[in-house]
Amino acid sequence: MNIFNSLFSSLVFSFILFHSNALNVTHDSRSIIIDGNHRIILSGSIHYPRSTAQMWPDLMRKAKEGGLDAVETYVFWNAHEPARRQYDFSGNLDLIRFLKTIQDQGFPVWLHNMPGVSLRTKNDVFMNEMKNFTTLIVDMVKKEKLFASQGGNIILAQVENEYGNVMEPYGDDGKSYINWCAQMADSLDIGVPWIMCQQAAPPKPMLETCNGWYCDEYKPNDPNTPKMFKSWGGADPLRTAEDLSYSVARFFQKGGTLQNYYMYHGGTNFGRTSGGPYITTTYDYNAPLDEYGNLNQPKWGHLKQLHDVLHSIEYTLTNGDVRNEKLSNLVMATIYQTKEKSSCFLSNTNTKTDANVNFGGINYFVPAWSISILPDCREEAYNTAKVSAQTSLMVKKLNKAEDEPRSLKWTWRPELIESTSVQGRGDVSVNKIVDQKDMANDASDYLWYMTSIDVAKDDPMLNGTVTLRVNDTGHVLHAFFNGEYIGSQWSKYGDKNVTYVFERNIKLSPGKNLISLLSVTVGFKTHTYNKLKTPRILIYNRIKIMQNYAGITSPIELVLSKNVIKDLSSNKWTYKVGLNGISNKFFDTNCASKSSSKWVSDPIPIDRNFTWYKTTFKAPLGNKPVVVDLLGLGKGMAWVNGHSLGRYWPSYIADKNLCKTETCDYRGRYSDSKCVSKYHVPRSFLEDGENTLVLFEEFGGNPSYVQFQTVEIGSICINTHEGKEVKLSCQDRPISKIKFASFGSPQGVCGSFDKSEYDSEVDVLSILEKECVGKESCSFKITEDKFGKPSCEMKKLAVEAVCKDFTF
Ligand SMILES: *[C@@H]1O[C@H](CO)[C@@H](O)[C@H](O)[C@H]1NC(C)=O
Ligand SMILES: *[C@@H]1O[C@H](CO)[C@@H](O)[C@H](O)[C@H]1NC(C)=O
Ligand SMILES: *[C@@H]1O[C@H](CO)[C@@H](O)[C@H](O)[C@H]1NC(C)=O
Ligand SMILES: *[C@@H]1O[C@H](CO)[C@@H](O)[C@H](O)[C@H]1NC(C)=O
Ligand SMILES: *[C@@H]1O[C@H](CO)[C@@H](O)[C@H](O)[C@H]1NC(C)=O
Ligand SMILES: *[C@@H]1O[C@H](CO)[C@@H](O)[C@H](O)[C@H]1NC(C)=O
């Protein structure tokens with residue numbers, strides 16, 4: 001549905017946020033029509049489960065201020081119906097509350113496991129479930145009168161997603177299914193248009209989408225196309241403000257009228273909600289609003305300016321005649337013209353070569369890979385490569401609420417892993433290896449596979465060296481033999497190469513021998529990876545992988561020699577889902593545990609696997625977002641006051657050269673684990689008095705480095721050309737100092753600017769000190785009158801200002 005990609009889900013709604021009185025939503029070949037007016041729609045994805053209800057109003061306010069008309073979300077079937085016909089709309093799953101303040105992880109695992117089900121095709125079991133859930137949601141929304149046709153704010157709904165890309169292998173059944181979807185959706189009678197993304201020639205009355213008014217043929221062929229999902233062990237996705245605004249401006253230049261950012265706010269995958277494999281807990285996405293809801297500057301501001309310019313020419317864009325004029329190699333003017341007005345785009349699609357072009361008798365400088373917008377076809381109001389929005393460098397500060405900068409005091413208790421690995425007792429026994437998804441039904445990351453083998457006294461295996469060989473499709477395996485730990489293994493880069501073979505030598509004894517294997521999954525694959533080039537392959541893969549195996553698979557063998565191999569796959573295997581401490585809710589401070597182990601204070605073990613740690617802390621003062629730095633820990637899960645912060649895995653760090661400093665963009669000394677060791681603790685999880693942090697450590701780590709921090713703007717910068725109107729703002733704090741200011745050809749980037757020999761003689765720093773220090777913001781135009789005459793042609797002003805520390 002947009003050029004950036006969207007996940008697939010059974011049901012997607014789009015919402016117009018800020019036109020509350022819309023009633024009649026229709027469309028023609030050009031655009032959406034709201035109450036008779038053609039509209040451009042700038043929309044952004046914000047997924048309600050990835051933030052908290054307390055964050056929603058602020059996110060919405062910042063989205064609106066950033067120039068969005070609409071917010072789009074999936075409806076998360078798997079979260080709302082975690083077990084069949086058991087619904088959850090509480091907390092951050094309160095869909096109606098989210099809609100009133102103003103989409104797919106995929107299908108729930110129980111659905112995969114229904115007998116006879118076949119997903120996304122003509123299959124009665126699936127269609128019945130899909131209709132049931134879709135009806136439930138539509139009824140809830142209707143009851144609250146939230147569709148535009150009822151006076152509410154929902155202008156579009158989507159059924160299925162990107163099915164066009166996957167339909168082919170389904171054959172005629174795929175066609176029947178998509179027709180059924182259309183009829184089913186239509187029968188729900190919602191009074192606003194239904195759309196189908198990536199669906200060429202969708203059945204009526206679905207809106208024709210691709211090749212039409214918002215499905216641009218343009219594909220980002222920029223070699224820097226980002227990796228859109230951040231994986232454990234992978235680098236952060238990074239897409240510059242310049243490139244993102246370029247792709248959006250290009251889309252509108254080519255006749256687009258509806259644009260959706262995936263994501264506008266990425267947020268956090270709390271609990272076990274991150275998809276997989278290996279999708280991290282942070283879902284920051286390098287989006288215009290960062291994980292914590294802060295403005296990601298300059299991206300947010302640069303896009304806001306673009307949105308404002310596009311809105312100012314909305315009428316011309318949606319009603320005007322269009323023509324193109326070639327200006328030079330790969331430089332093109334697009335003119336939109338109505339009787340009253342014309343508006344122009346100048347695009348330079350050269351990746352390296354800047355252009356100086358003459359258009360309508362005026363000279364324009366259009367940098368490589370950029371687009372200028374001239375609302376009156378004369379004056380440049382915006383260029384995607386000329387960023388005048390400020391850059392904000394965020395800093396993380398120690399929690400000042402703690403009296404002394406002391407380390408936290410910890411207690412601990414073991415996970416009683418031996419009780420299972422030694423006894424081999426479980427819940428279910430079957431004479432085969434079962435898919436972890438089927439057995440665990442997504443109720444836990446952890447699943448035990450256990451079997452006992454009887455070795456006769458004359459078995460030749462008693463004599464030689466025997467290797468236990470386990471075929472594993474991911475992700476982590478801990479193996480025990482006769483109650484003793486014999487080793488662990490996990491797949492690197494879970495998305496690419498999950499399968500591996502685990503091998504350890506063991507010494508069999510005559511009589512009973514027990515093999516206990518603990519398999520751990522780190523999210524299931526239901527997502528698309530934008531890295532692959534052709535969408536068709538991409539999504540086909542995705543489905544294949546979704547239906548793939550998880551956990552241990554056959555064969556599991558005892559190998560004495562090349563010829564003497566005992567396959568244990570059809571032995572009697574006993575399964576147990578989950579871990580003792582999780583079932584007994586060690587993380588829940590209100591819940592008295594029945595477990596025999598107790599929290600103890602001394603000594604705190606370090607590098608001990610399968611260990612629970614607990615500490616108390618005071619909430620940081622103020623209202624700045626809070627993070628906990630889990631540097632020093634291995635892999636596990638964290639909870640604050642019983643709320644899950646998600647999985648953590650700081651020991652699995654990105655490759656040094658993948659993880660550039662800009663991408664892990666918070667200041668401070670760089671270390672390669674910086675990117676993945678901070679976890680968002682939403683303010684609404686915290687209480688005024690004492691708060692409790694509980695960690696479950698699977699691999700072994702050291703909790704003494706754990707720290708609570710707040711995230712705030714440290715300093716702000718401008719690095720912009722002459723003629724621009726700029727603003728420096730510390731938001732709700734005063735500017736305390738101008739650290740650097742120079743006009744001319746200053747070098748470097750925010751945080752390390754340097755003067756050049758061409759810079760003006762005027763004391764720019766003193767001028768800005770007078771104008772800005774002590775104020776929360778200051779604005780001015782960059783002119784020679786103000787800042788003097790540098791001896792270079794392209795003149796830029798670079799400023800770094802420091803925001804005042806909060807003292808409590
Ligand atoms: C809704 O708008 C369309 C197109 O602008 C128009 O043809 C139609 O009559 C309108 N319907 C109502 C109920 O006003
Ligand atoms: C969904 O199915 C249940 C039975 O499993 C039924 O009671 C309920 O009415 C159905 N809901 C809808 C909206 O069709
Ligand atoms: C083990 O090896 C010894 C000596 O090599 C031999 O005498 C014995 O029969 C073997 N036992 C089995 C069970 O193969
Ligand atoms: C392990 O399992 C995978 C998937 O079932 C299979 O493709 C592969 O051949 C197996 N590996 C071995 C060594 O048997
Ligand atoms: C945990 O670590 C200890 C010490 O390194 C090791 O002996 C033990 O077997 C490990 N157990 C597991 C399940 O990883
Ligand atoms: C997957 O892992 C195997 C064995 O470790 C290795 O030989 C192979 O090159 C890997 N494939 C990819 C795509 O990384």
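Hydrogens, waters and symmetry mates play no part in the numbers below; they use all other heavy atoms, side chains included. Order of listing sets the numbers, starting from 1, for every ligand and every atom in it.
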S.K.: Do any N or O atoms from the side chain of Y449 and from the backbone of T553 form a donor-acceptor pair under 3.5 angstrom?
M.R.: no

S.K.: Please check if the number of heavy atoms outside K131 that lie under 6.0 Å from its NZ is greater than 12.
M.R.: no

S.K.: Indicate yes or no: at least one non-hydrogen side-chain atom of L289 is less than 4.5 angstrom from one of Y264.
M.R.: yes

S.K.: Please list, in number order, the atoms of ligand 2 under 4.0 Å from a heavy atom of R85.
M.R.: 1 (C), 2 (O), 3 (C), 4 (C), 5 (O)

S.K.: Only heavy atoms of T135, strictly under 4.0 Å: list the atoms of ligand 2 that pass.
M.R.: 13 (C)

S.K.: Do you see a donor-acceptor pair shorter than 3.5 Å between the side chains of T334 and N324?
M.R.: yes

S.K.: Taking atom types as modelled, find out whether N584 and N580 have a side-chain donor-acceptor pair closer than 3.5 angstrom.
M.R.: yes

S.K.: Under 3.5 Å, N or O to N or O, is N132 touching ligand 2 that way?
M.R.: yes

S.K.: In the structure I gave you, are the side-chain heavy atoms of I40 and H311 within less than 4.5 Å of one another anywhere?
M.R.: yes

S.K.: Are any non-hydrogen side-chain atoms of L136 and Y87 less than 4.5 angstrom apart?
M.R.: yes

S.K.: Can you list every pair where an N/O of ligand 1 is under 3.5 Å from an N/O on the protein?
M.R.:
residue  : atom   : partner : partner atom : Å
ligand 1 : 2 (O)  : N24     : ND2          : 2.4
ligand 1 : 11 (N) : N24     : ND2          : 2.7
ligand 1 : 14 (O) : N24     : ND2          : 3.2

